[in-house]
Peer 1: 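Following this message is one structure expressed as structure tokens.
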Amino acid sequence: MAGRFAPRPTRTTVRGGDTPGTPPDLGLTLGPLRRGPADPTFRVTPDGSVWRASRTPDGPGTLRIRIERGEAAAEAWGPGAGWLLDRLPALLGSEDDPTAFVPRHKLLLATHRRRPGLRLTRTGLVLESLIPSILEQKVTTHEAYGSWRTLVRKYGEPAPGPAPEGMHVMPDARTWARIPSWEWHRANVDGKRSATIVRAARVAARLEEAALMDPPAARRRLELVPGIGPWTSAETVQRSNGAPDEVTTGDLHLPGIVGWALAGDRTTDDEAMLELLAPYAGQRHRAARLILLSGRVPPRRAPRMTPGDITRI
């Protein structure tokens with residue numbers, strides 16, 4: 001295993017998609033792991049490198065990834081360096097099969113061809129996707145991203161190695177479970193969401209086991225925790241398990257976007273969305289990702305949701 005600050009370089013190539021030898025697009029593949037432009041656990045530097053700070057089963061680690069001559073080159077630092085490097089191929093989509101996706105709409109066919117580097121990532125880490133997903137329940141992304149930044153910076157630790165300034169590893173489960181109620185309040189997190197995170201942190205070991213389960217079983221495991229429902233479990237396993245068929249339901253915007261893209265109907269609900277995505281069974285999450293990447297969204301009719309701020313209460 002790499003030492004705490006000693007880099008351990010490695011290389012791998014992830015192939016697939018419609019164009020043989022197409023390397024993964026780091027932005028498209030790893031983008032869902034980024035919680036806002038100022039996420040302290042994720043950074044993209046001017047040279048195109050993607051930096052991630054993660055808490056692995058072996059401890060904190062920092063990973064730097066870049067594409068060089070069609071290969072993904074990576075270095076890692078910290079106690080979790082070896083763990084991160086061993087799982088680099090899965091992170092970059094080696095377990096994903098883009099060829100299993102058969103476009104049945106012109107929009108998806110065109111988007112699929114324009115995005116040959118899209119892979120579905122698999123982090124193998126549950127809590128790092130679960131907690132920010134809980135923070136995003138019933139609030140604007142702006143609010144959730146701000147809460148995530150505040151809590152990670154205050155209770156996490158600086159990322160190991162030569163990480164860009166300001167990068168942090170998220171807190172461990174014990175620390176999440178012991179954050180005082182007033183600190184949740186200061187981070188603009190209401191009691192319902194904070195209580196859900198605390199409950200999840202207390203059974204973190206059992207939840208992390210879900211990363212090795214098939215996605216439906218993983219979602220059932222997560223939803224045993226009060227406060228974690230279908231929306232949150234789907235958002236988590238899409239990242240932790242690389243689940244190509246797990247569709248996010250209960251979302252404020254996604255059904256309307258899918259309905260508008262595939263049927264010209266912005267009033268589509270969850271049930272109708274699932275009917276529209278039925279031809280993509282096994283690949284419904286990928287279909288939804290491609291629809292979002294197509295940029296075809298219904299015209300806005302109402303003002304954006306006003307962000308809340310409980311810190312003033």
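For the single chain, residues carry numbers from 1 onward in sequence order.
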Peer 1: For R219, does its backbone N or O pair with a side-chain atom of S233 as donor and acceptor, under 3.5 Å?
Peer 2: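 No; judged by distance alone, with no hydrogens or angles, the pair does not exist.
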Peer 1: Taking all atoms of both residues into account, what is the closest heavy-atom pair of P160 and T62, and its distance?
Peer 2: O-OG1, 2.7 Å
Peer 1: Would you say that V237 contacts M213 through its side chain, given a criterion of any heavy-atom pair below 4.5 Å between the two side chains?
Peer 2: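 Contact flag for V237/M213 side chains = no.
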Peer 1: Show your working on side chain to side chain contact (heavy atoms under 4.5 Å, CB included) between L91 and L30 and close with a plain yes or no.
Peer 2: CA-CA 8 Å; L91 183 72; L30 302 180; 3.8 Å; yes
Peer 1: If we only count heavy atoms from C-beta on, is the S240 to E128 side-chain gap below 4.5 Å?
Peer 2: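 A side-chain contact is absent here, since even the closest heavy-atom pair is not under 4.5 Å.
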Peer 1: Any side-chain heavy atom of P37 sitting closer than 4.5 Å to one from F42?
Peer 2: no
Peer 1: Is the shortest distance from a Lys or Arg side-chain nitrogen in R52 or D39 to a carboxylate oxygen in the other one below 4.0 Å?
Peer 2: no
Peer 1: Just checking, any donor-acceptor pair under 3.5 angstrom between side chains of E136 and T141?
Peer 2: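 On atom types as modelled, these side chains do not qualify, holding no pair under 3.5 Å.
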Peer 1: Is there side-chain contact between S133 and R35, with heavy atoms separated by less than 4.5 Å?
Peer 2: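 Heavy-atom side-chain distance check passes, below 4.5 Å.
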Peer 1: Would S129 and E235 count as having a side-chain donor-acceptor pair, cut-off 3.5 Å?
Peer 2: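 The answer is no; no qualifying pair exists.
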Peer 1: For the side chain of T111 and the backbone of L108, is there at least one donor-acceptor N/O pair under 3.5 Å apart?
Peer 2: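 Such a contact is absent between T111 side chain and L108 backbone.
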Peer 1: Using side-chain heavy atoms (C-beta onward) and a distance below 4.5 Å, is T45 in contact with R66?
Peer 2: no
Peer 1: Within the structure provided, determine whether R122 and D96 are in side-chain contact (heavy-atom separation under 4.5 Å).
Peer 2: no
Peer 1: Grab the two heavy atoms, one from D86 and one from P89, that are nearest each other, plus how far apart they are.
Peer 2: O-CD, 3.8 Å
Peer 1: What closest approach, in Å, do P230 and T249 show between heavy atoms, and which atom pair accounts for it?
Peer 2: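 Closest approach of P230 to T249: CB-OG1, 3.9 Å.
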Peer 1: Would you check if the side chain of E143 reaches a backbone N or O of N188 as a donor-acceptor pair within less than 3.5 Å?
Peer 2: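 Answer holds: no.
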Peer 1: Identify the two heavy atoms, one from A73 and one from E68, that lie closest to each other, and give their separation to 0.1 Å.
Peer 2: CB-OE1, 4.1 Å
Peer 1: Closer than 3.5 angstrom, by distance alone: can the side chain of S147 be matched with the main-chain N or O of A187 as a donor-acceptor pair?
Peer 2: yes
Peer 1: With sequence neighbours left out, which residue pairs that include part of residues 165-179 fulfil the side chain to side chain donor-acceptor pair (under 3.5 Å) condition?
Peer 2: D172-T175
Peer 1: Under the side chain to side chain contact (heavy atoms under 4.5 Å, CB included) rule, what do T140 and Y145 come out as? Steps first, then yes or no, please.
Peer 2: CA-CA 9 Å; T140 66; Y145 293 161; over 6 Å; no
Peer 1: So R64 and D47, salt bridge (charged side-chain N to carboxylate O under 4.0 Å, His left out) or not? Walk me through it.
Peer 2: CA-CA 11 Å; R64 178 198 180 203; D47 66 354; 2.9 Å; yes
Peer 1: I'd like to know if E95 pairs up with R87 as an ion pair, taking the criterion as any Lys NZ or Arg NE/NH1/NH2 lying under 4.0 Å from an Asp or Glu carboxylate oxygen.
Peer 2: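 No, E95 and R87 are not salt-bridged.
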Peer 1: Quick one: does E183's side chain get under 4.5 Å of R186's, heavy atoms only?
Peer 2: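 SC-SC contact between E183 and R186 confirmed.
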Peer 1: Got a donor-acceptor contact below 3.5 angstrom from the Y280 side chain to the A288 backbone?
Peer 2: no
Peer 1: Any donor-acceptor pair under 3.5 Å linking the side chain of D265 with the backbone of G259?
Peer 2: no
Peer 1: Is it true that L85 and V50 fall in one hydrophobic cluster, defined by side-chain heavy atoms closer than 4.5 Å?
Peer 2: yes
Peer 1: Would you please name every residue forming a salt bridge (charged side-chain N to carboxylate O under 4.0 Å, His left out) with D245, sequence neighbours left out?
Peer 2: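 For D245, the residues satisfying salt bridge (charged side-chain N to carboxylate O under 4.0 Å, His left out) (neighbours in sequence not counted) are R284.
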Peer 1: Please check if the side chain of E246 supplies one atom and the backbone of T236 the other of a donor-acceptor pair under 3.5 Å.
Peer 2: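 Pair absent, no side-chain N/O of E246 close to backbone of T236.
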Peer 1: For R221, check salt bridge (charged side-chain N to carboxylate O under 4.0 Å, His left out) against everything at least two apart and list the hits.
Peer 2: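 Expected list: E209.
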Peer 1: Is there a donor-acceptor contact under 3.5 Å from the side chain of T29 to the main chain of L26?
Peer 2: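 Side chain of T29 to backbone of L26: no pair is present.
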Peer 1: Between E157 and R55, does a salt bridge (charged side-chain N to carboxylate O under 4.0 Å, His left out) hold up when you go through it step by step?
Peer 2: CA-CA 10 Å; E157 58 190 274; R55 186 168 296 280; 2.6 Å; yes
Peer 1: Just by distance, do the side chain of N241 and the backbone of A243 share a donor-acceptor pair under 3.5 Å?
Peer 2: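 No; zero donor-acceptor contacts below 3.5 Å.
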Peer 1: Determine, stepwise, if the pair F101 / L290 fulfils side chain to side chain contact (heavy atoms under 4.5 Å, CB included).
Peer 2: CA-CA 11 Å; F101 180 76; L290 288 169; 3.5 Å; yes
Peer 1: Side chains of V152 and V169, heavy atoms from C-beta outward: is any pair under 4.5 Å?
Peer 2: no
Peer 1: Taking D58 for its side chain and G82 for its backbone only, find out whether a donor-acceptor pair lies under 3.5 Å.
Peer 2: no
Peer 1: Restricting to non-hydrogen atoms, name the atom on G166 and the atom on P40 that form the minimum distance, rounded to 0.1 Å.
Peer 2: O-CB, 3.9 Å
